[in-house]
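One structure is given here, and the rest of the page talks about it.
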Amino acid sequence: MASIAELAPAKINLTLEVDEKRADGYHELRSVMTSAALCDTLRVEKADTVTLSCDRADLPVDGRNLAVKAAQAFFAATSIKGGCRILLQKRIPSEAGLGGGSSDAAAVLRALRKLYAPDMPAEELEAIGAQVGSDVPYCVRGGTVLCRGRGERLTTLPAMPKCWYVIVKPAEAFATGKMYGEIDAKNPVRLHTTDAMMAALGKGSLSSVAAQIGNTFEQVIPADSDVRAIRRQLLDHGALNAMMSGSGSAVFGIFEAFPAAQAACDALENENRQIFLAESV
């Protein structure tokens, strides 16, 4: 087996409830996550050491990159003597709340399991992912999942009904740590949308799912943020609902049909935004 190709899909937070800060410094979370067919592409092959090359010159290719951290964590956890060469093609925008780095890390872990440890249980791979980042266990598993704790406690849910996402990334970027600091400082209203979201997924109704989206971070975005305008515009152009994903700054709109989603993409385009059209997966 010379090399493994893996897709790394973007992560969408259908709900994101940020609760109290824990003694370990993390916040208690409840989030329903799903994936969109906006993907980075990775190719991983065996090597003597861990190296990464990327088609984006602005991204680090050393131990600061989660893909490298994931490979290092895999070999440390398994005590396997070896390494890998990682080739990464980026499409998911950075600092967007779409989990691009976490999904890259998860793709590396899945590839390394195939190359070095095909009998490793999925739960063990997710546990290694938890050492790398809070969203990595979800990205290892994929699908539609309830994530609790700091993101490492996973429960698979009924699949997201088929739909199209219009994903809009404004020029602004929000640092995750700073956004959590804003939550600590401003003490926003606690959301309680996750249970209703799980019930909606159980019904398989896209309109019911769209009605239940919610994100605590939206309460602490800057007053002049483009996020609010993007949400309004997505709704004005036919989205069933729209919301920021993760700690931002990307906003996703949920559309039932491709033509309306494509029309919204065309309408929202401007030089200060990146816009993507992606199917649910």
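Just the heavy atoms: all of them, side chains too, but no hydrogens, waters or symmetry mates, feed the values below.
Here the side chain of Thr194 pairs no donor or acceptor atom with the backbone of Ser31 at under 3.5 angstrom. Counting only distance, with no hydrogens or angles, the side chain of Lys169 and the backbone of Glu172 share a donor-acceptor pair below 3.5 Å. With hydrogens and angles disregarded, a donor-acceptor distance shorter than 3.5 Å links the side chain of Thr216 to the backbone of Leu16. The closest donor-acceptor contact from the side chain of Ser245 to the backbone of Asn13 lies under 3.5 Å.
Distance CZ/Arg231 to CE/Met244: 9.5 Å, rounded to 0.5 Å. To the nearest 0.5 Å, atoms CD1 (Ile221) and OG (Ser247) are separated by 12.0 Å. Annotation: the span from Glu279 atom CD to Phe255 atom CZ amounts to 14.5 Å, rounded to 0.5 Å. Between atom OG of residue Ser3 and atom NZ of residue Lys46 there is a gap of 12.0 Å, rounded to the nearest 0.5 Å.
At most 12 heavy atoms of other shown residues, nucleotides or ligands fall within 6.0 angstrom of atom CD in Glu269. Annotation: Lys186, atom NZ; neighbour count of heavy atoms from other residues, nucleotides and ligands within 6.0 Å is above 12.
Between Gly253 and Leu234, the shortest heavy-atom distance links the atoms N-CD1, 3.8 Å. Shown here for Ala107 and Leu42, the closest heavy-atom pair between the two residues is CB-CD1, 3.6 Å. Here the shortest heavy-atom pairing between Gln212 and Ala196 reads OE1-CB, 3.3 Å. Between Ser35 and Pro9, the shortest heavy-atom contact is CB-CB, 4.1 Å. The shortest heavy-atom contact between Ala261 and Trp164 is CB-CB, 3.9 Å. Closest approach of Met160 and Ser280 over heavy atoms only: CG-CB, 4.4 Å.
Salt bridge present: Asp104 and Lys90 bring a charged side-chain N and a carboxylate O closer than 4.0 Å. Between Arg141 and Glu123, no side-chain nitrogen of the basic residue sits less than 4.0 Å from a carboxylate oxygen of the acidic one, so the salt-bridge criterion is not met. A salt bridge between Glu17 and Arg148 is absent, with no side-chain N of the basic residue lying under 4.0 Å from a carboxylate O of the acidic one. At a threshold of 4.0 Å, the pair Glu6-Arg43 does not count as salt-bridged, since none of the basic side-chain nitrogens sits closer than that to a carboxylate oxygen. Looking at Arg30 and Asp19, no side-chain N of the basic residue comes within less than 4.0 Å of a carboxylate O on the acidic one, giving no salt bridge. In summary, Glu256 and Lys162 do not engage in a salt bridge, as defined by a charged side-chain N under 4.0 Å from a carboxylate O. Salt bridge status for Arg150 with Asp24: absent, with no side-chain N to carboxylate O gap under 4.0 Å.
The aromatic rings of Phe217 and Tyr180 sit perpendicular to each other, their planes meeting at more than 60°, with 30° as the lower class boundary.
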Under the side chain to side chain contact (heavy atoms under 4.5 Å, CB included) criterion, do Thr41 and Leu7 qualify, and how do the steps go? CA-CA 5 Å; Thr41 304; Leu7 292 177; 3.6 Å; yes
Steps toward side chain to side chain contact (heavy atoms under 4.5 Å, CB included) verdict (Cys147, Tyr138): CA-CA 7 Å; Cys147 304; Tyr138 163 73; 3.9 Å; yes
Between Asp226 and Arg273, does a salt bridge (Lys or Arg N to Asp or Glu O under 4.0 Å) hold up when you go through it step by step? CA-CA 10 Å; Asp226 194 27; Arg273 297 169 175 170; 3.0 Å; yes
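Side-chain rings of Tyr116 and Phe75 approach one another, their centers coming within less than 6.0 Å.
Following chains of ILVMFWY side-chain contacts shorter than 4.5 Å, one cannot reach Leu59 starting from Val108, and the two form parts of different hydrophobic clusters. By the rule that hydrophobic residues join a cluster once side-chain heavy atoms approach within less than 4.5 Å of another member, Met33 and Met243 end up as members of separate clusters.
In summary, the side chains of Thr193 and Thr15 do not present any donor paired with an acceptor at a separation below 3.5 Å, with no hydrogens or angles considered.
In this structure His237 satisfies the ring pair (Phe, Tyr, Trp, His ring centres under 6.0 Å) test with no other residue, sequence neighbours excluded.
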For a quick test of your reading: what N or O donor-acceptor pairs under 3.5 Å do the side chains of residues 92-102 make, sequence neighbours left out?
unit_1	atom_1	unit_2	atom_2	d
Ser94	OG	Arg56	NH2	3.2

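Here the rule is side-chain contact (heavy atoms from CB on, under 4.5 Å) with Phe74, and of Val132, Ile80, Leu115, Val50 only Ile80 fits it.
Looking at Asp40 and Gln89, their side chains never come closer than 4.5 Å, going by heavy atoms from C-beta outward.
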